[in-house]
Amino acid sequence: MYQLTNAIAPMKRASLGLLTASLLLSAACTSTNPETEQASAARAEAAVSRPPGSSEVLGAYDPGTPETMNPTTADALRGFSDAEFLLTVASSNEMEVQLGTLAAQQGSTDAVKQFGQMMVDQHTAAGQELSAVNAQLDVKPSVAIMPMHQQLIDRLKDKAGRAFDERYLDVMETAHKLDIVMFEAKEKKAENAAVQAFAAKMLPTLRTHLAEANALEKQVD
């Protein structure tokens, strides 16, 4: 059994530090806002010292496909323990439901609204299955969304119309790319058979969501 006393379990600081620093560098390379080397270095150092879930982990950037993702980023995501994986998935799943609800209400096209409702329905069902696995392992996720997922939700603030559709689909692509790497790792090897089975069952759905988000984004661009 996992004994988790904090709302969000501590993750591997070294791996998450590398992940955060790597994503900061990726974001800096594509940013339109100039930043001095000193400021960039200070920001990266601060991110590494902060606990997991800091907002930069899922920054405003494209991590690449699961196959071409930066090795440091991918290694960190694959290095989660079963408990860390389950806690992260719970937060990500809740984010998907919240954003899907928003898209179903605010999407500017029927296609985006339908996609958003599908995210609500399928991630709600996934959340129920996740709860069963958590119960087996005595993992108790926080009711709060991790800061890194909250940042993705915040990216939809003040967006409307076509701009909302484009940003929502961008977020869906980023979130699913990173989720797929975690789930693929647990499908291959997990500490608990229930976690491995859950990952294997959910992977096809996540891949379908990513493919549909990609296709839909091409329609709204």
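Quick caveat: nothing in here was measured; it's all calculated off a predicted structure. Along the sequence shown, residues carry numbers from 1.
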If I take atom [atom1] from residue [X] and atom [atom2] from residue [Y], how far apart are they, to the nearest 0.5 angstrom?
| X | Y | atom1 | atom2 | answer |
| --- | --- | --- | --- | --- |
| D82 | L137 | CG | CG | 6.5 Å |
| K177 | N214 | NZ | CG | 6.5 Å |
| M172 | L216 | CE | CG | 11.5 Å |
| D158 | F164 | CG | CZ | 12.0 Å |
| K189 | R78 | NZ | CZ | 14.0 Å |
| L130 | N93 | CG | CG | 6.5 Å |

Which heavy-atom pair separates [X] from [Y] by the least distance, and what is that distance?
| X | Y | answer |
| --- | --- | --- |
| P141 | N134 | CG-ND2, 3.4 Å |
| K188 | Q196 | O-NE2, 3.3 Å |
| Q117 | A104 | OE1-CB, 3.8 Å |

Taking a hydrophobic cluster as the set of Ile, Leu, Val, Met, Phe, Trp and Tyr residues connected by side-chain heavy atoms closer than 4.5 Å, whether directly or through intermediates, do [X] and [Y] fall within one such cluster?
| X | Y | answer |
| --- | --- | --- |
| V97 | L169 | no |
| L206 | V133 | yes |
| V220 | L102 | yes |
| V120 | V171 | no |

Do [X] and [Y] make a side-chain contact, defined as non-hydrogen atoms from C-beta onward lying under 4.5 Å apart?
| X | Y | value |
| --- | --- | --- |
| D121 | M118 | no |
| Q98 | I145 | yes |
| E94 | H149 | no |
| M119 | H209 | yes |
| E217 | E166 | no |
| E191 | K186 | yes |
| R155 | Y168 | no |
| L99 | M95 | yes |

Please answer whether the main-chain N or O of [Y] pairs with a side-chain N or O of [X] as donor and acceptor at a distance below 3.5 Å.
| X | Y | answer |
| --- | --- | --- |
| E84 | S81 | yes |
| D165 | S108 | yes |
| T174 | D170 | yes |
| S91 | M146 | yes |
| S92 | T88 | no |

**Request:** Walk me through it: do K140 and D138 pass the test salt bridge (charged side-chain N to carboxylate O under 4.0 Å, His left out)?
**Result:** CA-CA 6 Å; K140 298 178 176 62; D138 196 27; 2.3 Å; yes
**Asked** Given the rule in the salt bridge (charged side-chain N to carboxylate O under 4.0 Å, His left out) test, do D154 and K157 qualify, once you have shown the distances and angles that lead to the verdict?
**Response** CA-CA 5 Å; D154 292 344; K157 287 182 178 179; 3.5 Å; yes
**Asked** Could you walk me through whether E184 and R207 pass the salt bridge (charged side-chain N to carboxylate O under 4.0 Å, His left out) check?
**Response** CA-CA 11 Å; E184 285 179 338; R207 289 171 177 148; 3.1 Å; yes
**Message:** As a quick check of understanding, evaluate side-chain contact (heavy atoms from CB on, under 4.5 Å) for H176 and E96, giving each step before the final call.
**Reply:** CA-CA 10 Å; H176 282 91; E96 295 279 4; 3.0 Å; yes
**Request:** Show your working on side-chain contact (heavy atoms from CB on, under 4.5 Å) between E129 and K201 and close with a plain yes or no.
**Result:** CA-CA 10 Å; E129 297 204 31; K201 184 175 182 179; 3.1 Å; yes
**Request:** Take the angle between the ring planes of F183 and F198 and call it parallel below 30°, perpendicular above 60°, tilted in between.
**Result:** tilted
